[in-house]
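Here is the structure we will look at, set down as structure tokens.
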Amino acid sequence: MTRTTISVALLTFAGIAQSAAPPPSLPAAVGRLQAHDAVGAAAILESIVHTDPSNGRAWRVLASAYEQLHRLDDAIAAEKKSLEVDAAMPAPLFSIGSLYAEKGNPDAAFMWLERARASRKIDMTQMETDASFDSIRKDPRFAALLPRAEDFRDPFVEPVRIIREWDGESTNDQFGWIARNIGDVDGDGVPDVVTSAPTSNAGGQAAGRIY
């Protein structure tokens, strides 16, 4: 009698523990990916998109997991699915171009990258430092995708008169990230400003610089 009672209690406890297991979640998958467990991340994400195929972010993170696993065709398919369910998010246009470049398919890469540039919502300067584009970097079409000075001549929605412009010293130093009015420091009657380039390498790797 006692043995039977213990067995029932153990079975009941096991059932409770099993039912209390948390469902697969996007934060858990991202955590796996950040821990370089792309296999575990992909398993979680595949479960999520199976249950909720309209989850655009899950499809995008799944594409990243597949890319880490060198499953480039699956990564492309996942990015395309994310576009299908979340057309307002243009980032997959750039990612698909990158994946096709990795596959060594320049025509498909440039087709998608041109769409990314046309969206005017993607920082195309990423191409200059991303190794995924090494295979197409010398193609004449590559330079045509990078920003040109005229792209920034009228960047404002409201009527604005530009008084003065300053350019950063190097690519990707994030010049102008933060700017503050600091008053007339030098006493010339003109208010002064300070700004930063937080990832400038001028004083050491990503040491940053203040102007």
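The first residue in the sequence is number 1, and the count goes up from there.
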Open item on the list: Just verifying a value: how many Å separate K103 NZ and H70 NE2, rounded to the nearest 0.5 Å?
Closed with: 14.0 Å
TODO: Report the hydrophobic cluster partners of W166, with the cluster defined as I, L, V, M, F, W, Y residues connected by side-chain heavy atoms closer than 4.5 angstrom, directly or transitively.
DONE: F175, Y211
TODO: Would you indicate whether the side-chain heavy atoms of D184 and P191 approach each other to under 4.5 Å?
DONE: no
TODO: Using a strict 4.0 Å threshold on nitrogen-to-oxygen distance, state whether R57 and D86 make a salt bridge.
DONE: no
- [ ] Among Ile, Leu, Val, Met, Phe, Trp and Tyr joined by side-chain contacts under 4.5 Å, find the other residues sharing a cluster with W177 and list them by chain and number.
- [x] I178
Open item on the list: Which residues pass the side chain to side chain donor-acceptor pair (under 3.5 Å) test with K121, not counting sequence neighbours?
Closed with: none
Open item on the list: Suppose we screen for side chain to side chain donor-acceptor pair (under 3.5 Å). Which residues come up paired with D192, at least two apart in sequence or across chains?
Closed with: none
Task: Joint hydrophobic cluster, L113 plus M111, side-chain heavy atoms closer than 4.5 Å - done: no
- [ ] Output all residues satisfying side chain to side chain contact (heavy atoms under 4.5 Å, CB included) with K80, sequence neighbours left out; order by chain, then residue number.
- [x] I76, I96, Y100, W112
TODO: Could you pull out all residues at least two apart from F133 that satisfy ring-ring contact (aromatic ring centres under 6.0 Å, His included)?
DONE: F94
Open item on the list: Between R148 (side chain only) and A144 (backbone N and O only), is there a donor and an acceptor less than 3.5 Å apart?
Closed with: yes
TODO: Verify, without hydrogens or angle tests, whether D173 (side chain) and T199 (backbone) share a donor-acceptor contact under 3.5 angstrom.
DONE: no
- [ ] For residues 158-171, pull every pair meeting salt bridge (Lys or Arg N to Asp or Glu O under 4.0 Å), keeping only residues two or more places apart or in separate chains.
- [x] E169-R209
- [ ] With sequence neighbours left out, write down each residue that passes side chain to side chain donor-acceptor pair (under 3.5 Å) with S47, or none if nothing qualifies.
- [x] none
Task: Any donor-acceptor N/O pair, S200 side chain to A197 backbone, under 3.5 Å - done: no
Open item on the list: According to salt bridge (Lys or Arg N to Asp or Glu O under 4.0 Å), does anything in residues 133-145 pair up with another residue at least two apart or in another chain? List the pairs.
Closed with: D107-R141, D134-R137, D139-R141
Open item on the list: Within the 4.5 Å heavy-atom criterion, are R180 and T195 side-chain neighbours or not?
Closed with: no
TODO: Kindly give the cluster partners of I48, where membership spreads through any ILVMFWY side chain lying under 4.5 Å from a current member.
DONE: L26, V30, L33, I44, L45, V49, W59, V61, L62, Y66, V85
- [ ] May I ask whether V190 and I182 are part of the same hydrophobic cluster, defined by side-chain heavy atoms of I, L, V, M, F, W, Y residues being less than 4.5 angstrom apart, directly or through others?
- [x] no
- [ ] Name all residues meeting the side chain to side chain donor-acceptor pair (under 3.5 Å) criterion together with N105; count only those two or more places apart in sequence or in a different chain, and write none if there are none.
- [x] none
TODO: Would you check if the side chain of S82 reaches a backbone N or O of E79 as a donor-acceptor pair within less than 3.5 Å?
DONE: yes
Open item on the list: Using a 4.5 Å cut-off between side-chain heavy atoms of Ile, Leu, Val, Met, Phe, Trp and Tyr, which other residues end up in the same hydrophobic cluster as L69?
Closed with: V39
